[in-house]
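Everything on this sheet refers to the single structure shown next.
Hydrogens, waters and symmetry mates are skipped; everything else that's a heavy atom, side chains included, is used. When a residue number appears, it is its place in the shown sequence, counting from 1. Both counts, for ligands and for their atoms, begin at 1 and track the order of listing.
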Amino acid sequence: MNPSDLLKTQNFFGTSEAALKKLFADWGVATYRVNQVFTWVYHYHCRDFNEMTNLSKSLRSQLAEHFHFSLPKIQNRTFSKDGSIKYLLEMNDGAVVESVWMPSDSRKTLCLSTQVGCRLNCSFCLTASLGLKRNLTAGEIIGQHIAINDELKEEDRITNVVFMGMGEPLDNYGPVVDALRIMVSPQAMKVSTRKVTVSTSGLVEKMKSFQEEDLPINLAISLNASDNATRDRLMPVNKKYPIEVLMDCLKKYPLKPHRRHTIEYVLLAGINDSDEDAQRLAKWLKGVPCKINLIPFNAFDSSEYRPPSEQRVLKFQNYLIEQNFSAFIRQNRATDILGACGQLATQSASGTLDPMSKVALVNK
Ligand code: SAH
């Protein structure tokens, strides 16, 4: 594909079912044809409209004039001792993001990015230092999944997806919702809604919009502190949406039966890991249907923070368990290849510092 074609036509990957239905209606084409096209692309992995033999020749050429197929390019792979693979993916404009593939038993989880950089400025997160370079498009978000799955062996194909890479998913709302719809649509990527988790720093207004989308996708909320003063320091977004506002939103969130929110809590030595923190956390979460993932901080050189000792982490967890919470300790994955939480910048092949996503949390 030459670059001028890319500008003239639209990437089919990321085009929503609704947008394609509208386009077909404008063209006077029956909307059930949308399902046929989606099936060719997402079930049969067909990337050439000419091969879609149950469509008329004129529709095939109309589609070919309107769309192209573009996926992120895999620029590099790094293999971790724990079996994870960190992929460096290059977008058409040269922007680079990272996705991490993590195997555990029968589950293969992909952690993907939603933005190049991030603007939320959490003080413990390395991505913050990059600022926000740009949002990813829906095609670039699902493209991470498709490009990586394309090269994996049948038994290694992605089963679960976590939106925990670089960026704040709800700060790139429209493209993330389009990407999620394509991901979970039976006509498209067919990922079960139970197997997708979107992690957010707690953008309450966007969480309210999200709950109205009729997309029963699990949310993970990065709480990370048990009092507003500490959370203000760690996550400036707390000044806009303090803990009580966030908790109120979670309590009112219409969850499907047997579903719970995930509360993420990054443990930072001497900052948010005391017995009092555990007690305050338990108080906040009373009445919130949730499980708690405790994540010992994944240290990096330029950070002032350190992870707590193992005993401290266990004591924190035990208190929550005594209070009848499901509380798990999540070890970072792929730490040896800078694929773990918050390690968002690494040396690219060209030797310059590139923005990299990070999180490698697996909800076992
Ligand atoms: N912006 C979203 C998603 C990306 S961050 C969010 O805030 O949830 C995903 C998770 O990684 C968050 O829970 C964040 O708190 C955590 N995280 C970021 N840097 C980390 C680090 N260095 N060590 C451990 N966890 C980290």
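With ligand atoms numbered from 1 in the order given, ligand 1 contributes 15 (O) to contacts under 4.0 Å with heavy atoms of Asn224. Close approach of ligand 1 to Ser201 is summarised as follows: ligand atoms under 4.0 Å from at least one heavy atom of the residue are 6 (C), 7 (O), 8 (O). The ligand atoms of ligand 1 that sit less than 4.0 angstrom from a heavy atom of Gly167 are 1 (N), 2 (C), 3 (C), 4 (C).
Ligand 1 has Gly165 within reach: a non-hydrogen atom of the residue lies less than 4.0 Å from it.
With rounding to the nearest 0.5 Å, the separation of CZ in Arg233 from SG in Cys122 is 13.5 Å.
Heavy atoms of Leu120 found under 4.0 angstrom from ligand 1: none, in either backbone or side chain. If you look at Val266 next to ligand 1, the close heavy atoms, those under 4.0 Å, all belong to the side chain. Both the backbone and the side chain of Glu168 come within 4.0 Å of ligand 1, counting heavy atoms alone.
At a threshold of 4.0 Å, the pair Glu140-Arg134 counts as salt-bridged, since one of the basic side-chain nitrogens sits closer than that to a carboxylate oxygen. Between Glu98 and Lys86, at least one side-chain nitrogen of the basic residue sits less than 4.0 Å from a carboxylate oxygen of the acidic one, meeting the salt-bridge criterion.
No hydrogens or angles considered: nothing links the side chains of Arg280 and Thr230 as a donor-acceptor pair under 3.5 Å.
Each of Phe12, Phe49, Trp27 was evaluated against His66; a single residue qualifies, Trp27, per the ring-ring contact (aromatic ring centres under 6.0 Å, His included) test.
A cation-pi arrangement is present between Lys291 and Phe328 under the rule of less than 6.0 angstrom and at most 45 degrees off the ring axis.
For the residues Pro296, Cys125, Ser303, Ser222, the heavy atom positioned nearest atom 6 (C) of ligand 1 is part of Ser222.
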